[in-house]
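Notes follow the structure.
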There are 2 protein chains.
Amino acid sequence: MQETVSAKDRILTTALRLFYRDGIRATGIDKIIAESGVAKMSFYRHFPSKNDLIRAFLEARHEIWMGQFRAAVERRFAEEGFAAIARALSEWFGEPDFRGCAFINTVAETGSEFPQTVQHKCELELYVTELAKRLSLPAPAQVAAKAMIVMEGAIVRAQMGLTDGLEEMTMQLLTDLTRCGN
Amino acid sequence: MQETVSAKDRILTTALRLFYRDGIRATGIDKIIAESGVAKMSFYRHFPSKNDLIRAFLEARHEIWMGQFRAAVERRFAEEGFAAIARALSEWFGEPDFRGCAFINTVAETGSEFPQTVQHKCELELYVTELAKRLSLPAPAQVAAKAMIVMEGAIVRAQMGLTDGLEEMTMQLLTDLTRCGN
DNA sequence: AGAAATATACAGACCTGTCTACCTGTAGGA
DNA sequence: TCCTACAGGTAGACAGGTCTGTATATTTCT
């Protein structure tokens with residue numbers, strides 16, 4: 001029985017941190033191996049290639065991020081509606097190690113090599129659609145698609161450090177979507 | 001007198017193409033040298049390091065992109081107002097080699113190493129502010145900041161291939177900003 | 001003569017991925 | 001209960017490629 005975390009989990013945890021912080025191309029296998037305290041052969045036993053680790057990273061990141069985002073939105077959605085989305089984003093932007101959206105960054109680095117990136121955005125849009133339905137909005141899919149545009153834009157602005165008035169403007173843009181005339 | 005384009009210009013032209021198409025980290029000096037038909041020493045005479053070329057790339061890209069974007073917007077702004085922005089973006093998204101915004105991609109790859117990226121976004125926002133003023137909108141700076149959020153979001157959505165209904169939704173989001181209640 | 005470009009080799013670092021050799025805990029059969 | 005087989009982990013060397021940047025020697029243009 002292993003008292004410590006498995007090698008595979010330690011690798012994935014390290015990848016979650018380094019891939020997000022420094023980017024995928026900039027993070028070498030050697031660095032991940034060193035920081036997770038794992039032998040090289042153990043790494044290649046669990047992940048036959050770096051791309052396999054990248055895929056695992058994207059899937060894990062998706063689960064973790066969606067969980068945190070959902071939780072942050074649900075905390076206020078009942079009272080604030082779509083404004084809760086802006087607040088959840090703003091909390092995320094304020095985290096000290098915030099560096100933009102891992103999936104946007106991966107697409108920027110690698111192009112369309114990893115479909116998990118687009119998949120993540122589709123599932124996020126599905127969740128926003130569900131939120132729109134819970135508000136009984138007339139065209140939930142259209143509202144969600146527009147909200148996604150606003151959300152992506154807010155993430156990029158935050159990533160570039162252009163955060164002046166960002167939370168309030170994002171909130172206005174999102175709540176405007178819930179008024180009549182979508 | 002040189003009958004052909006100078007080595008420096010050939011390097012920059014090649015960098016504009018390769019850095020945008022494949023990304024900055026993924027594009028090696030050797031590749032730029034080979035494709036621009038220049039000797040390595042000529043390269044390092046004009047650009048002491050790769051970072052110098054990256055800076056020159058960002059500045060050139062800014063000038064070129066702004067020129068094209070301005071032209072595309074002005075073509076319709078008098079008749080269509082802010083919808084002209086959505087149309088200009090959509091034209092860009094439709095180009096066969098579109099791969100997102102070079103400045104967003106550079107930030108995604110390199111973080112905050114190159115201030116030219118944020119500078120570009122600030123100058124673009126200034127132009128949008130000017131457009132808002134030309135429409136005699138009450139709060140042009142606020143409208144422009146919101147428009148920037150929408151524009152960045154549209155760019156990211158297009159980059160990820162999520163273009164279904166994108167032009168129309170972007171147009172609605174942007175024109176809604178020009179109505180009363182900011 | 002001198003500036004600018006060319007071709008090419010090279011250094012040193014880093015990258016992914018493979019190979020060998022060894023260690024350790026555990027499950028199963030005799 | 002003991003022995004054995006094996007899965008998983010460790011350590012580190014190594015191959016072959018790519019990367020940035022430098023050095024050398026030659027050519028071309030003015």
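Convention: sequence-line order gives letters A, B, ...; per-chain numbering from 1.
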cation_pi(Lys50(B), Phe43(B)) dist<6.0 Å, angle<=45: no

Lys40(A): partners by salt bridge (charged side-chain N to carboxylate O under 4.0 Å, His left out), with sequence neighbours left out: Asp30(A)

Check: Arg45(B) side chain, dA4(C) base, donor-acceptor under 3.5 Å: no

Base versus backbone protein contacts along nucleotides 14-23 of chain C [heavy-atom cut-off under 4.0 Å; B, S, -]: --BBBBB---

Intermediate values then yes/no, salt bridge (Lys or Arg N to Asp or Glu O under 4.0 Å), Glu130(B) and Arg134(B): CA-CA 6 Å; Glu130(B) 181 210 310; Arg134(B) 279 156 64 182; 2.9 Å; yes

Protein-nucleotide distance (Ile33(A), atom CD1; dA13(D), atom P), rounded to Å: 14 Å

Interatomic distance where CG belongs to Asp22(B) and C1' belongs to dC19(D) [whole Å]: 15 Å

Those residues of residues 106-116 of chain B lying under 4.0 Å from DNA chain C by at least one heavy atom: none

Protein-nucleotide distance (Lys8(B), atom NZ; dA3(C), atom P), rounded to Å: 18 Å

Test item: Glu109(B) side-chain N/O and Arg25(B) main-chain N/O as donor-acceptor pair under 3.5 Å: yes

Residue-phosphate contact under 4.0 Å: Ser42(B) side-chain N/O, dT6(C) OP1/OP2: yes

Presence of His46(A) side-chain N/O under 4.0 Å of dG9(D) phosphate oxygens OP1/OP2: yes

Approximate separation, where rounding is to 0.5 Å, of Phe103(A) CZ and Trp65(A) CH2: 8.5 Å

Length of the line joining Asp9(A):CG and dG9(D):P, which is rounded to integer Å: 10 Å

Rounded distance [0.5 Å steps], NE2 in His120(B) versus SG in Cys101(B): 4.5 Å

Neighbour count above 12 (heavy atom, 6.0 Å) for Glu168(A) CD: no

Parallel, tilted or perpendicular: ring planes of Phe82(A) versus Phe77(A), cut at 30 and 60 degrees: tilted

